[in-house]
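Below is one structure; the comments refer to it alone.
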Amino acid sequence: MSTDTRRPEAATPSPVLKHVVRTERLTLRSATTSDTDTTWTFRQLESVNEWLTGCPPDLDGYRDLFNDPERLASTVIIQLGHDHAASVIGDFMLRREDAWAQLEMTDQAKGTQAELGWVLDPAYAGRGYATEAVRALLRYCFDDLGVRRVVANCFLDNDASWRLMERVGMRRETHAIAESLHRSGVWLDTVGYALLANEWKP
Ligand SMILES: CC(C)(COP(=O)(O)OP(=O)(O)OC[C@H]1O[C@@H](n2cnc3c(N)ncnc32)[C@H](O)[C@@H]1OP(=O)(O)O)[C@@H](O)C(=O)NCCC(=O)NCCS
């Protein structure tokens, strides 16, 4: 009798954004490996990286990071315009999560929360594109995914990011003092924002 020693292949995670979303000026779609080099053009910039976890120093390293299946599934590409030639102007994060719950309630808490994150090509900053995209993702989170809470976090010094959270109606819930270590060597404050489905004003 032969024994099959092969390990079952890990299932490729399916994209959190299940369909293309169009807003007045933008197209939002799930990322594919073909978005690697385009997103690298702005991801590698020092100004973009100031508040991010970081970016590998070379394109090969970035390819490995960007093409990680979990990451790809939770990356939303933002394009300016609605046709095939629409340029990529940003990549956002849309992650579905389980809320914390006591043991007896873990099933009911599964997938009830989403976390958003964002990176916009600085060439397209200051025109409300990120605001437009985040509003569309909030709608997707509440209407399509049916989550009850959406959260986002950033360094307190990243004004552009928390101002965006406030523009779309998110509430500041936490201000943690000297919580996270920035690459400057300084422990910096972070802020956490959230929006509940019943607080959302489309
Ligand atoms: C965070 C980030 C996405 C914000 O970008 P942004 O350009 O400020 O956001 P928007 O595209 O929504 O544009 C808003 C600005 O355009 C202006 N604006 C112009 N037209 C607008 C419109 N139709 N609607 C809304 N705002 C508009 C707003 O007044 C605002 O300007 P202000 O900051 O001077 O008040 C961007 O700074 C970024 O990618 N940073 C680097 C990566 C990063 O730090 N990510 C977050 C990590 S936690």
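- In terms of the side-chain contact (heavy atoms from CB on, under 4.5 Å) criterion, residue partners of E70 (sequence neighbours excluded) are, by chain and number, P13, D68.
- Applying the salt bridge (charged side-chain N to carboxylate O under 4.0 Å, His left out) rule to K18 yields no partners; only residues at least two apart in sequence or on another chain are considered.
- At most 12 heavy atoms of other shown residues, nucleotides or ligands fall within 6.0 angstrom of atom CD in Q102.
- Donor-acceptor pairing under 3.5 Å is lacking for the side chains of T112 and R148.
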Checking T33 against F66 for the side-chain contact (heavy atoms from CB on, under 4.5 Å) test, could you report, in this order, the C-alpha distance in whole Å, the side-chain angles of both residues, the deciding distance, and whether it holds?
CA-CA 8 Å; T33 53; F66 189 83; over 6 Å; no
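- Clustering ILVMFWY residues whenever any of their side-chain heavy atoms sit less than 4.5 angstrom apart, transitively, puts F92 in the very cluster that holds L26.
- L116 and V151 fall into different hydrophobic clusters, where Ile, Leu, Val, Met, Phe, Trp and Tyr residues are linked whenever their side-chain heavy atoms come under 4.5 Å apart, directly or through other members.
- Membership of the apolar cluster around W187 extends to L181, as traced through chained side-chain contacts below 4.5 Å between ILVMFWY residues.
- If you take CD on E166 and OH on Y193, they are separated by 3.5 Å, rounding to the nearest 0.5 Å.
- Under the 4.5 Å side-chain heavy-atom criterion for Ile, Leu, Val, Met, Phe, Trp and Tyr, V21 and L80 are members of the same hydrophobic cluster.
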Applying salt bridge (charged side-chain N to carboxylate O under 4.0 Å, His left out) to R149 and E173, what does each step give before you reach the verdict?
CA-CA 12 Å; R149 184 165 180 263; E173 285 193 333; 2.5 Å; yes
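- Both Y124 and L28 are members of a single hydrophobic cluster when ILVMFWY side chains are connected at heavy-atom separations under 4.5 Å.
- Under 4.0 Å is where a charged nitrogen must lie from a carboxylate oxygen, and between R139 and D144 no such pair does.
- With a 4.5 Å cut-off on side-chain heavy atoms, C154 and T190 do not count as touching.
- Partners of W40 under the ring pair (Phe, Tyr, Trp, His ring centres under 6.0 Å) rule, at least two apart in sequence or in another chain, are Y62.
- Contact check for P56 versus D64: no side-chain heavy atoms found under the 4.5 Å cut-off.
- In terms of modelled atom types and a separation under 3.5 Å, the side chain of R95 and the main chain of Q113 share no donor-acceptor contact.
- Grouping Ile, Leu, Val, Met, Phe, Trp and Tyr residues whose side-chain heavy atoms lie under 4.5 Å apart, directly or via other members, places F155 in a hydrophobic cluster with W51, V186, L188.
- Under the 3.5 Å distance criterion, the side-chain polar atoms of D189 are matched with a main-chain donor or acceptor of A178.
- In this structure, the separation between CG on D35 and CD1 on I77 is 4.0 Å, given to the nearest 0.5 Å.
- For S161 (side chain) and N158 (main-chain N/O), no donor-acceptor pair under 3.5 Å exists by modelled atom type.
- Summarising the geometry, atom CG belonging to D58 is positioned 10.5 Å from atom CD belonging to Q44; distances are rounded to the nearest 0.5 Å.
- Aromatic ring pairs are classed by plane angle as parallel below 30°, tilted from 30° to 60° and perpendicular above 60°; the pair H19 and Y140 is perpendicular.
- Looking at heavy atoms from C-beta onward, T174 lies out of side-chain contact with E179 at the 4.5 angstrom threshold.
- Note that SG of C55 and CG of L65 are 7.5 Å apart. Values are rounded to the nearest 0.5 Å.
- Here T36 contributes atom OG1 and D91 contributes atom CG; the two are 10.5 Å apart, rounded to the nearest 0.5 Å.
- The backbone N or O of M93 lies less than 3.5 Å from no partner atom in the side chain of T75, so there is not a single donor-acceptor pair.
- Going from atom CG of L145 over to atom CG of L94 covers 6.0 Å, rounded to the nearest 0.5 Å.
- In this structure, T32 contributes its side chain and S34 its backbone to a donor-acceptor pair below 3.5 Å.
- Connectivity analysis of hydrophobic side chains (ILVMFWY, heavy atoms under 4.5 Å, direct or indirect) links W100 to nothing; its cluster partners are none.
- In this structure a side-chain-to-backbone donor-acceptor pair under 3.5 Å is present from T27 to G81.
- For the pair E132 and R127, the salt-bridge criterion is not met [side-chain N within less than 4.0 Å of a carboxylate O].
- A continuous path of hydrophobic side-chain contacts links V134 to W200 [ILVMFWY only; heavy atoms under 4.5 Å].
- A donor-acceptor distance shorter than 3.5 angstrom exists from the side chain of R96 to the backbone of G111, with no hydrogens or angles considered.
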